[in-house]
Amino acid sequence: MQVNRHSFPRDSIQWTIARVRVSLFRLINRRTILLLSILLLTGIAGTLWSTFQLSSSLIQSQALQNAELYAQAINEARTLYSSKAVDRVKTVAGVTITDNYTQQAHAIPIPATYLIELGETLSQQNPGMSVRLYSNYPFAKRKQQGGPRDEFEREALRFLDKILNRCTCG
């Protein structure tokens, strides 16, 4: 593509625009492979970044959903044990419901002890998963393992206390 020197006066804007167009056309013609390579690499990088973001989002979403399902299942196990097993056994003569059930004949665990032991079993069978019942008021003989162990657990208990106080007070 040539610019006819006689079409425009040399100092006109049209001549300058025509020269820029010619220069760009020559540059694109000479550097086509380089330009296409840059566009391809940019597209690949964008695709990889987008895939990474989507993957991270899906992993986080799945982890939260699994945690919610585990919590719901554990809560249902506690409720079921309390309402079906413990309530039924209360009427059976000679059966004791206690936290110290392993030391007594004809005894079953109270719901909290059942839940603690269920959590320990689940944690042992599922590496990377931790299920724990803890409280600001643990049983006397469970002070070491029954109370909050770190700042996360202390903050969780403060949060729950705040919600419960808000719900019962008004």
Side-chain angles (χ1 to χ4, degrees), residues 24 27-28 31-92 95-104 106-170:
L24 280 174
L27 180 65
I28 290 172
R31 307 282 187 224
T32 301
I33 293 176
L34 177 63
L35 183 63
L36 290 176
S37 297
I38 290 170
L39 289 173
L40 177 65
L41 290 175
T42 303
I44 290 172
T47 301
L48 288 174
W49 181 81
S50 177
T51 302
F52 173 76
Q53 294 292 1
L54 179 61
S55 177
S56 295
S57 176
L58 287 173
I59 289 169
Q60 182 178 12
S61 174
Q62 188 65 44
L64 290 173
Q65 185 178 19
N66 285 346
E68 186 176 329
L69 289 173
Y70 275 120
Q72 190 176 36
I74 289 167
N75 190 42
E76 286 300 316
R78 181 194 57 79
T79 303
L80 183 66
Y81 180 76
S82 296
S83 65
K84 302 291 184 186
V86 173
D87 286 350
R88 190 166 181 195
V89 168
K90 283 180 184 177
T91 61
V92 177
V95 177
T96 305
I97 305 163
T98 178
D99 63 320
N100 195 16
Y101 76 100
T102 58
Q103 306 299 315
Q104 297 180 25
H106 309 292
I108 65 168
I110 62 174
T113 300
Y114 169 76
L115 191 58
I116 289 167
E117 292 182 6
L118 175 64
E120 289 170 355
T121 301
L122 288 173
S123 295
Q124 289 169 0
Q125 291 178 355
N126 298 290
M129 181 176 135
S130 175
V131 178
R132 215 168 79 71
L133 178 65
Y134 56 93
S135 166
N136 283 327
Y137 313 102
F139 296 135
K141 62 184 173 188
R142 290 189 184 264
K143 284 250 189 238
Q144 290 297 322
Q145 65 265 39
R149 292 183 182 162
D150 57 25
E151 186 55 35
F152 175 79
E153 291 180 355
R154 283 186 282 280
E155 181 62 32
L157 288 174
R158 283 191 293 269
F159 176 77
L160 292 172
D161 282 341
K162 187 188 301 183
I163 287 176
L164 292 174
N165 287 335
R166 192 178 315 148
C167 291
T168 58
C169 293

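One is the number of the first residue; the rest follow in order along the sequence.
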In the structure I gave you, are the side-chain heavy atoms of [X] and [Y] within less than 4.5 Å of one another anywhere?
X	Y	answer
S82	D87	no
I110	V86	no
I116	D99	no

Enter the distance from [X]:[atom1] to [Y]:[atom2] here, rounded to the nearest 0.5 Å.
X	Y	atom1	atom2	result
E120	L115	CD	CG	10.0 Å
E153	N136	CD	CG	10.5 Å
L54	I59	CG	CD1	9.5 Å
R149	R154	CZ	CZ	12.0 Å
Y114	I97	OH	CD1	14.5 Å
S130	Q124	OG	CD	11.5 Å

Check step by step if side-chain contact (heavy atoms from CB on, under 4.5 Å) holds for Y101 and T113. CA-CA 9 Å; Y101 76 100; T113 300; 3.9 Å; yes
Could you tell me whether Q72 atom CD has more than 12 heavy atoms of other residues or ligands within 6.0 Å of it?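 Atom CD in Q72 is not crowded, with 12 or fewer foreign heavy atoms closer than 6.0 Å.
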Would you say that more than 12 heavy atoms from the other residues, nucleotides or ligands in this model lie under 6.0 Å from the CD of E151, or not?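 Above 12, so yes.
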Sub-3.5 Å donor-acceptor pair from the side chain of [X] to the main-chain atoms of [Y], do we have one?
X	Y	result
S37	I33	yes
T79	N75	yes
S56	Q53	no

Pair D161 + R158, salt bridge at N-O below 4.0 Å: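 Looking at R158 together with D161, the answer is no, because their closest N to O distance does not fall below 4.0 Å.
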Does the side-chain contact (heavy atoms from CB on, under 4.5 Å) test come out yes or no for Y81 and I108, once each step is laid out? CA-CA 11 Å; Y81 180 76; I108 65 168; 3.7 Å; yes
How far apart are the closest heavy atoms of [X] and [Y], and which atoms are they?
X	Y	value
S135	P148	O-CD, 3.5 Å
L133	A112	CD2-O, 3.7 Å
V92	R88	CG2-O, 3.9 Å

Among I38, L39, I44, L40, which one satisfies side chain to side chain contact (heavy atoms under 4.5 Å, CB included) with T42?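 Going through I38, L39, I44, L40 one by one, the side chain to side chain contact (heavy atoms under 4.5 Å, CB included) with T42 is satisfied by I38 alone.
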